[in-house]
Protein chains: 2
Amino acid sequence: MIDRIDRRILSILQEDSTVPVAEIGRRVGLSTTPCWRRIQKMEEDGVITRRVAVLDPKKVNAKVTAFVAITTNEHTDDWLRKFADVIREFPEVVEFYRMAGQVDYLLRVAVPDIDAYDDFYKRLIAKVNIADVSTSFAMEQIKYTTELPLSYIVAEKPKANMS
Amino acid sequence: MIDRIDRRILSILQEDSTVPVAEIGRRVGLSTTPCWRRIQKMEEDGVITRRVAVLDPKKVNAKVTAFVAITTNEHTDDWLRKFADVIREFPEVVEFYRMAGQVDYLLRVAVPDIDAYDDFYKRLIAKVNIADVSTSFAMEQIKYTTELPLSYIVAEKPKANMS
DNA sequence: ACTGAAATTAATTCATC
DNA sequence: GATGAATTAATTTCAGT
């Protein structure tokens, strides 16, 4: 499925997607065409989902992160679907998880400051009924990466060898 | 600093950085050259920090997210520097925040399953001394985006404004 | 599956207004 | 500051092994 070479290609593209295909090929010991084909296939297969520009949170005035732990009394699929639809409308919510344990949902919210968070919070609870909310603020983002670990990729199936 | 047109360009590039400059120009009502110049400038200014390929967590076998809340007794700058260096070596840690409130640090860790998290955890505590650790697992990632909200950008005319 | 070259399309520069 | 053409560099296709 994803072999060693693919993994090295992914590692390069996760770090910098502007590296030319010919250069990626050179680094992994492949000429342009097969390297391009591998990238193409990983896009078709949905391994690579998108290529995006990453912005500096400070420069766009959204450097404060709030983690919002939400507990609710409603646990139906229908409620979650509605809740998720509301959440998706808020560009401030950059991550949204359904949790195991006491907390039901966790949001990561990107805002300029505490006041803007407070405003966001009011707009949120006006749209959706949530029982209990607990917010924690991050003082500093020490590490943030879109790069996923590639070491857990399941090893390529050994090819059947005739002869 | 960042005007309405820049903002629209950022919005496009945050969503899909493969859109050709000529097409971006067309969408924002600009011809290729000035549009290209604006993008170039935003890269120089550090507004756009990088262009990356985003992968599907399921496809690379890292779909489980663990949130690790860490409390420590050591609060010196030196300890944090060392701690941060250790953390940066773990590709499983995709986000790392210094928090306000009871919890000192929060990690988001990407792993295939609970067993892999346990292994990661052992490797982590072997490298760094942390007093209290509380882990919560996400059952489902309902929303994840690298797109930051652009509505908080302050459109400033005057020059010489840092960060 | 890969190579190397050709064809196509995009990025980048430049002359000009 | 913007435009449109010219140039450079990349992507994508194709013939051959």
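Naming convention: chains lettered A, B, ... in sequence-line order (proteins, then strands); numbering from 1 in each chain.
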Review point. What integer distance in Å separates B/Q40:CD from C/dC14:P?
Key: 14 Å
Review point. Just how far, in rounded Å, is C1' of C/dA10 from CZ of B/R26?
Key: 16 Å
Check your understanding: What is the distance from CD1 of A/I9 to P of D/dT11, rounded to the nearest Å?
Key -> 13 Å
Check your understanding: Tell me: CD1 of B/I5 to P of D/dA2, nearest whole Å?
Key -> 7 Å
Check your understanding: Any idea which of D/dA2, C/dA11, D/dT12 is nearest the B/V21 side chain?
Key -> C/dA11
Review point. Are B/Y97 and B/Y105 close enough that their ring centers fall under 6.0 Å?
Key: no
Review point. Nearest-Å distance, CG (A/D6) to P (C/dC2)?
Key: 10 Å
Exercise for review: Measure the distance from CD on B/E44 to P on C/dT12 and round it to the nearest whole Å.
Suggested key: 12 Å
Review point. Given atom CG of B/L30 and atom C1' of C/dA11, what is their separation to the nearest angstrom?
Key: 16 Å
Practice item. Whole angstrom is fine here: how far is it from CD in A/E23 over to C1' in D/dT11? Key: 15 Å
Review point. Counting only distance, no hydrogens or angles, is the base of D/dG4 paired donor-acceptor with the side chain of B/T33 under 3.5 Å?
Key: yes
Check your understanding: Between C/dC2 and A/R38, is there an OP1 or OP2 to side-chain N/O distance shorter than 4.0 Å?
Key -> yes
Check your understanding: Around atom CG of B/N129, are there more than 12 heavy atoms of other residues, nucleotides or ligands at under 6.0 Å?
Key -> no
Point to revise | Shortest side-chain distance from A/P34, nucleotide among C/dT3, C/dT12, D/dT3 | key: C/dT3
Review point. Can you tell me if NZ on B/K143 sees more than 12 non-hydrogen neighbours from other groups inside 6.0 Å?
Key: yes
Exercise for review: Give me the ring orientation class for A/F120 and A/Y117: parallel if the planes are under 30° apart, tilted from 30 to 60°, perpendicular past 60°.
Suggested key: tilted
Review point. Just to confirm, is there a sub-4.0 Å distance from OP1 or OP2 of C/dT12 to any side-chain nitrogen or oxygen of B/W36?
Key: yes
Check your understanding: Counting distance only, does the side-chain N/O of A/S134 pair as donor-acceptor with the main-chain N or O of A/A69 below 3.5 Å?
Key -> no
Practice item. Select from A/V19 and A/R37 the residue whose nearest nucleotide in DNA chain D is closer to the 5' end of that strand. Key: A/V19
Check your understanding: With a non-hydrogen cut-off below 4.0 angstrom, is A/P20 in contact with a base, only sugar-phosphate, or nothing?
Key -> sugar-phosphate
